[in-house]
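Reading through the structure tokens given below for one structure.
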Amino acid sequence: MSKNKRGVFPRKIKGFRDINPELNQLRTKIITKAAEVYRKYGYEHWDTPSIEYADNLGKYMPDKDTIEEGVYSFRNPENEPVYTNKGEELRDNDNSVIMENHYLSMRYDLTAPLARLYSEKVWQSYMQGNLTEKNMPLFRRYQFGKVFRYEAKLDPGRFREFWQIDFDTVGTNDVSADAEACMILSDAMEAIGLKRNTYIVNVNDRKILKGFLENIGVFKLKIEDDGKILQSEYLEQAILRIIDKVDKIYLKGVLEELGKGRTDISGAKIIGLDLPESIISGINNYLSAFENIKTRAEIIEKLTEFNITNDIFNEGLEELKKIDLLLKNIGYKDDRIMFTPTLVRGMAYYTGPVFEVNSLQTYKDHKGRKRAVGAICGGGRYDGLVKNLLGIKAPATGASIGVDRLAELLMLTNQNDDLEDGPVFIVMFDDNLMPEYQKIAAELRNAGIETEVYYGSQKQLKKQMKYADKKNSPIALLIGENEFKEGVVTVKNLKLGKDKSMQTIQDRNEWQSKIQKQVKRENLIEYISKIIK
RNA sequence: GCCGCCGUAGCUUAGUUGGUUAAAGCGCCUGAUUGUGGUUCAGGAGAUCAAGGGUUCAAAUCUCUUCGGUGGUACCA
């Protein structure tokens with residue numbers, strides 16, 4: 001026998017996981033509660049396929065057969081025509097249609113499929129030339145489901161398959177929609193069960209950051225890297241990424257990374273951007289202005305005090321003012337939604353307001369270290385949606401709740417509800433009584449009570465009781481020959497047996513007499529209904 | 001991806017100047033227990049010490065490689 005003989009054994013793919021009933025219960029609750037809030041604001045529930053044409057999902061078109069850029073992609077087994085941007089079949093010199101196995105990708109978020117969905121809906125009027133950036137139709141939908149990312153390194157709590165519940169508004173420039181998105185996030189957090197002051201919705205506006213950087217002359221810089229002059233967008237992204245880390249590496253670390261670089265606690269050297277002193281001190285002024293500020297009004301005051309004449313900056317400032325006014329009128333105070341001028345969010349596609357929900361709670365890991373979960377929701381305005389598919393822009397804003405992160409937070413901070421009761425359990429004593437067991441089960445189900453009849457091959461009563469116990473059944477019904485003849489049922493209250501006061505009982509008979517009772521068959525359904533309530 | 005640490009029963013861990021049958025708690029299984037889940041008591045199964053190579057008379061222990069985990073860092077649609 002060859003030692004290297006290829007075999008099969010049960011295992012799962014790295015970064016994927018099985019979800020047990022407890023976690024499923026929590027996840028279902030999060031999704032249900034969030035969806036209720038979304039619907040309250042008028043969002044409709046849409047669903048889209050898990051797999052899309054790779055070119056429809058965005059810029060991640062693999063040109064090799066390997067998976068790159070963090071997306072699961074593969075060739076469609078089916079051969080299909082190649083199309084032009086206008087949807088016409090592409091033909092070769094012999095006028096026959098060019099066929100190809102197109103690249104497919106598993107969705108890596110719910111926004112890219114939204115862009116495709118929306119584009120398809122407006123496709124006809126786009127083709128007729130009736131669609132401009134000014135008259136994009138309004139579309140508001142929410143969606144939840146699994147998304148997939150091929151993460152190279154799997155940090156704890158990060159998976160390759162995870163859930164999002166997302167809502168978006170397409171077709172409006174009005175930042176009222178962004179303010180509304182923040183209210184929705186706050187409402188959703190509280191509907192799910194997070195207490196006031198244990199979370200905060202942080203809001204910023206990309207225009208403020210961009211305008212500020214422009215004002216201090218960042219975009220006039222000519223920074224060279226290996227002889228190549230860097231694009232200003234690249235530099236903007238690089239600076240924003242560093243600013244985003246201010247919570248983690250503090251002002252000092254940010255300034256070092258903007259300058260000559262620094263060495264972190266692990267000893268790793270981080271190369272700095274080596275920006276001129278004037279730029280660094282400008283950013284320093286900006287960041288240090290907001291230390292110890294507790295209200296949105298004060299933030300707006302500080303931003304106004306900069307007295308900056310840059311148009312983009314002031315546009316952003318006006319947007320924040322409008323958002324603040326709206327929130328204030330409706331009563332969303334600083335303890336729920338706060339402005340955070342240092343908030344960036346990684347993604348390059350954000351164009352205006354950005355928001356993020358952070359948990360303020362900490363927990364101790366198994367080694368006793370104090371830890372925090374970090375951002376549990378994220379979103380913002382992205383006015384470039386649909387550009388990839390139609391060549392014109394649609395203004396859009398929306399956000400997503402990281403369902404798995406939030407579930408983890410609830411479990412780590414012991415905010416998950418107790419596991420729901422399992423079914424009423426009917427013990428299998430005697431094959432001949434099966435019709436009676438089934439009859440009782442049907443009656444209970446008709447009364448709206450979940451009921452299970454035991455079918456297992458391990459028929460020892462002890463095994464059956466342990467099975468019911470593991471399934472968290474509240475009640476077990478015992479009907480043997482004796483009970484059947486006498487027209488009674490032994491009802492055992494398993495839930496009561498788990499009660500702490502019962503744990504002190506040493507005597508077996510005493511224990512049993514307290515939790516089990518004989519009930520007349522004709523009163524059974526009523527009796528159980530009362531216990532289950 | 002880069003740097004550091006770790007990998008011993010299902011889980012949590014003990015086990016170094018390399019030296020008999022690798023230890024414990026929890027969990028699991030069997031019985032006392034009566035057709036009866038908890039508690040109590042008695043007993044039992046379960047580990048090629050992550051995998052593969054090297055050094056040695058001798059490796060869980062030293063060394064190399066790979067894989068997996070973890071703490072940073074980078075990236076993140």
Side-chain angles (χ1 to χ4, degrees), chain A residues 3-4 11 14-15 54 57-60 69-71 105-115 147-158 160 164 237-238 241-242 244-245 248-249 253 257 261-271 344-350 365-367 369 371 375 378 380 382 384-385 388 400 402 422 425 427-430 433 458-483 490-516:
Chain A
K3 213 177 175 185
N4 294 320
R11 77 215 127 112
K14 186 161 76 165
L57 278 189
K59 53 185 176 173
Y60 301 96
E69 300 289 344
V71 182
S105 292
M106 302 185 76
R107 64 184 178 202
Y108 50 80
D109 67 10
L110 297 174
T111 310
L114 165 69
V147 301
F148 305 86
R149 297 185 191 179
Y150 176 68
E151 303 272 2
K153 190 198 169 191
L154 290 160
D155 292 320
R158 285 185 90 167
R160 289 175 172 176
Q164 290 189 334
Q237 277 299 304
R241 230 176 277 137
I242 294 171
D244 199 27
K245 294 197 282 188
K248 212 167 166 186
I249 63 177
E257 288 197 22
R262 66 188 187 95
T263 307
D264 75 13
I265 43 168
S266 74
K269 281 204 169 153
I270 297 155
I271 301 162
V344 174
R345 295 201 50 74
M347 285 81 97
Y349 65 52
Y350 288 127
D365 69 10
H366 70 105
K367 286 187 174 152
R369 282 174 299 216
R371 319 212 59 157
Y382 45 99
L385 188 79
N388 172 54
S400 217
F425 183 80
V427 172
M428 230 300 286
F429 261 116
D430 188 341
L433 290 175
Q458 296 178 300
K459 300 219 164 134
Q460 304 96 305
L461 191 43
K462 206 160 188 172
K463 295 271 189 202
Q464 297 197 41
M465 292 311 298
K466 283 200 171 176
Y467 176 86
D469 200 35
K470 273 186 186 157
K471 288 193 82 165
N472 211 27
S473 288
I475 286 171
L477 303 184
L478 293 81
I479 308 117
E481 218 177 325
N482 300 338
E483 280 96 345
T490 301
V491 179
K492 196 173 171 80
N493 191 329
L494 299 180
K495 216 173 175 180
L496 197 64
K498 282 181 181 164
D499 197 276
K500 275 183 191 138
S501 62
M502 298 293 287
Q503 304 299 314
T504 53
I505 296 173
Q506 303 273 327
D507 182 76
R508 201 176 186 81
N509 291 328
E510 186 191 347
W511 193 70
Q512 276 182 21
S513 68
K514 286 204 173 171
I515 58 172
Q516 91 185 21

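Hydrogens, waters and symmetry mates are skipped; everything else that's a heavy atom, side chains included, is used. In what follows, chains are A, B, ... by sequence order, proteins preceding strands, each numbered from 1.
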Fill in the blank from the handout: Judged by nearest nucleotide, the residue sitting upstream toward the 5' end of RNA chain B, E257(A) or R508(A), is R508(A)
Mate of [N] where both pairing distances stay under 3.5 Å, Watson-Crick or G-U:
N: U16(B); result: none
N: A58(B); result: none
N: G1(B); result: U73(B)
N: U48(B); result: none
N: G25(B); result: C11(B)

Touch class at under 4.0 angstrom, heavy-atom based, for [X] against every strand present:
X: K514(A); answer: nothing
X: Q516(A); answer: base
X: K248(A); answer: sugar-phosphate
X: E483(A); answer: base
X: Y467(A); answer: nothing
X: K470(A); answer: nothing
X: R158(A); answer: base

May I ask you to test the [X]-[Y] pair for a side-chain heavy-atom distance under 4.5 Å?
X: F429(A); Y: I479(A); answer: no
X: F425(A); Y: Q464(A); answer: yes
X: T111(A); Y: Q164(A); answer: no

Handout entry: G10(B) versus G27(B) - spacing of their C1' atoms, nearest Å
Key = 7 Å
Handout entry: Gap in Å between the two C1' atoms, one belonging to C49(B) and one to U21(B), rounded
Key = 15 Å
Handout entry: K462(A) side-chain N/O to U33(B) phosphate OP1/OP2 under 4.0 Å
Key = no
Exercise for the section: May I ask you to evaluate whether R241(A) reaches the phosphate of C76(B), defined as a side-chain N or O under 4.0 Å from OP1 or OP2? Expected result: yes
Problem - Separation of atom NZ in K463(A) from atom P in G31(B), rounded to whole Å - result: 8 Å
Exercise for the section: Quickly work out the Q164(A) CD to A77(B) P distance and round it to whole Å. Expected result: 11 Å
Practice task
Could I get the full list of side-chain hydrogen bond (donor to acceptor under 3.5 Å, both in side chains) partners for K514(A), not counting sequence neighbours?
Solution key: none
Exercise for the section: Determine whether more than 12 heavy atoms belonging to other residues, nucleotides or ligands lie under 6.0 Å from atom CD of Q512(A). Expected result: yes
